[in-house]
Amino acid sequence: MTTTLLRTAGELHARARAGRRAVVMTMGALHEGHATLIRTARGIAGPDGEVVVTVFVNPLQFGKGEDLDRYPRTLDSDIELARQSGADVVFAPSVDEVYPGGEPEVRITAGPMGERLEGSSRPGHFDGMLTVVAKLLHLTRPDLALYGQKDAQQLALIRRMVRDLNFGVEIIGVPTVREEDGLALSSRNRYLSAAERRTALSLSGALFAGQDRHAAQEALRARAREVPATRARAEALSAIGESRAAADTHAVATAVPGGPAAVRAAARQVLDEAARLDPPLALDYLALVDPSDFTEIGDDFTGDAVLAVAARVGATRLIDNIPLTFGSFGAAS
């Protein structure tokens with residue numbers, strides 16, 4: 001198929017539209033994670049719809065000392081990947097097209113959710129992100145927009161903005177795409193040396209350790225419900241590998257096994273070990289949060305949660321997360 005490069009909103013608005021328009025917003029340097037988003041958009045929009053991929057490195061999202069100038073610009077290869085993945089249009093506006101009067105005086109404010117985790121580490125980042133997303137939604141006029149779940153806090157804030165400010169667009173989250181070794185795909189991965197990449201695997205390793213602990217807890221919880229609150233219950237728990245819990249029959253009969261604290265501890269252990277590697281991992285945060293507002297969950301929490309981590313390896317800052325569900329009496333989601 002042919003993918004058209006457009007530079008102005010006027011050119012995009014002049015295109016005839018039949019079916020639904022789906023937009024995938026990127027800052028370029030496209031990789032398989034972006035390709036998955038584009039293919040998903042193509043499937044949802046259908047043969048009569050239109051898929052638009054935006055390529056715009058937004059200066060408002062970069063704070064002092066961050067890598068705006070270093071951020072890779074690879075438009076030619078981006079267009080080719082977009083074409084192979086099913087995009088109809090690559091919309092690559094200039095800074096003047098998006099911000100014709102210079103940096104905007106009026107901006108979207110992310111509010112309290114935008115001050116937590118990534119917002120605390122990168123002040124102003126989410127205000128800049130939401131401002132450009134709002135601008136690009138107006139400039140592209142889509143029916144639906146797709147974003148990766150790797151940027152879980154970003155996705156949650158976009159959903160909240162669209163709901164709170166009555167944007168007429170459907171927001172769709174697409175699961176994180178990983179490389180074979182588990183590292184979440186990111187344009188910043190290319191900055192890592194071989195040694196740094198080995199250390200960086202500790203991010204996904206920590207998440208998987210927390211996920212495994214969670215799955216074991218949920219299996220234990222489900223098994224515990226099937227036996228009486230007696231010594232038989234303790235024996236049943238011990239039989240599936242929880243002998244430490246069976247040491248106190250009364251505690252086992254009444255307590256929720258492990259819970260969020262155990263998930264955090266399992267992930268933290270991997271990260272603590274990574275801090276002693278060469279090169280070391282410098283942890284920014286490890287958090288287990290409610291995805292509705294990104295506040296830490298308590299040990300009695302039930303429902304959907306996000307286990308999130310951010311760290312630096314060398315000069316490169318990476319983030320990752322996985323979704324979990326507590327109280328489902330099943331494995332991790």
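Heads up: numbering here begins at 1 and tracks the sequence.
Looking at D48 and R20, no side-chain N of the basic residue comes within less than 4.0 Å of a carboxylate O on the acidic one, giving no salt bridge. Ion pairing between D88 and R15 fails under the 4.0 Å rule for side-chain N and carboxylate O.
Listed by chain and residue number, T199, S202, A274 satisfy the side chain to side chain contact (heavy atoms under 4.5 Å, CB included) test with L277 (two or more places apart in sequence, or in another chain). Annotation: side chain to side chain donor-acceptor pair (under 3.5 Å) contacts of D272 (sequence neighbours excluded): none. Judged as a side chain to side chain donor-acceptor pair (under 3.5 Å), and not counting sequence neighbours, Q153 has no contacts. With sequence neighbours left out, E273 forms a side chain to side chain donor-acceptor pair (under 3.5 Å) with no residue at all. Remark: E296 engages R264 in a side chain to side chain donor-acceptor pair (under 3.5 Å) (not counting sequence neighbours). Evaluation of the side chain to side chain contact (heavy atoms under 4.5 Å, CB included) rule for A206 yields A267, V270, L271 as partners, not counting sequence neighbours. Residues meeting the side chain to side chain contact (heavy atoms under 4.5 Å, CB included) test with R17, sequence neighbours left out: R21, E50, R141, D143.
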**Request:** Start with the C-alpha distance between T3 and V53, add both sets of side-chain angles, then the distance that settles side chain to side chain contact (heavy atoms under 4.5 Å, CB included), and finish with yes or no.
**Result:** CA-CA 10 Å; T3 299; V53 176; over 6 Å; no
**Message:** Assess the residue pair L130 and I158 against the criterion (side chain to side chain contact (heavy atoms under 4.5 Å, CB included)); give the C-alpha distance rounded to whole Å, side-chain angles, the decisive distance to 0.1 Å, and a yes or no.
**Reply:** CA-CA 7 Å; L130 288 179; I158 291 170; 4.1 Å; yes
**Message:** Determine whether D299 and F326 satisfy the following criterion, side chain to side chain contact (heavy atoms under 4.5 Å, CB included), listing intermediate values before the conclusion.
**Reply:** CA-CA 10 Å; D299 283 344; F326 287 88; over 6 Å; no
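Pairing each heavy atom of F91 with each of P93, the nearest pair is O-CD, 3.3 Å. Closest approach of A22 to A45, counting heavy atoms only: CB-CB, 4.3 Å.
Connection of V133 to F126 is established within a shared hydrophobic cluster, with ILVMFWY side chains joined at heavy-atom distances below 4.5 Å, either directly or through further cluster members.
V309 has its side chain out of reach of L307: every pair of non-hydrogen atoms, C-beta onward, lies at least 4.5 Å apart. In this structure, Q217 and V263 have side chains that are in contact, with non-hydrogen atoms separated by less than 4.5 Å. In this structure, V169 and V162 have side chains that are in contact, with non-hydrogen atoms separated by less than 4.5 Å.
Here salt bridge (Lys or Arg N to Asp or Glu O under 4.0 Å) pairs that include residues 96-108, with residues two or more places apart or in two chains, are E103-R107. For residues 15-48, every residue pair satisfying the ring pair (Phe, Tyr, Trp, His ring centres under 6.0 Å) rule, not counting sequence neighbours, is listed here: H31-H34. Residue pairs satisfying the salt bridge (Lys or Arg N to Asp or Glu O under 4.0 Å) criterion with at least one member in residues 109-119, sequence neighbours excluded, are listed as follows: E118-R317. Pairs passing the salt bridge (Lys or Arg N to Asp or Glu O under 4.0 Å) check and including a residue from residues 127-136, sequence neighbours excluded, do not occur.
Hydrophobic cluster membership for L185: V177 (Ile, Leu, Val, Met, Phe, Trp, Tyr linked by side-chain heavy atoms under 4.5 Å, directly or transitively).
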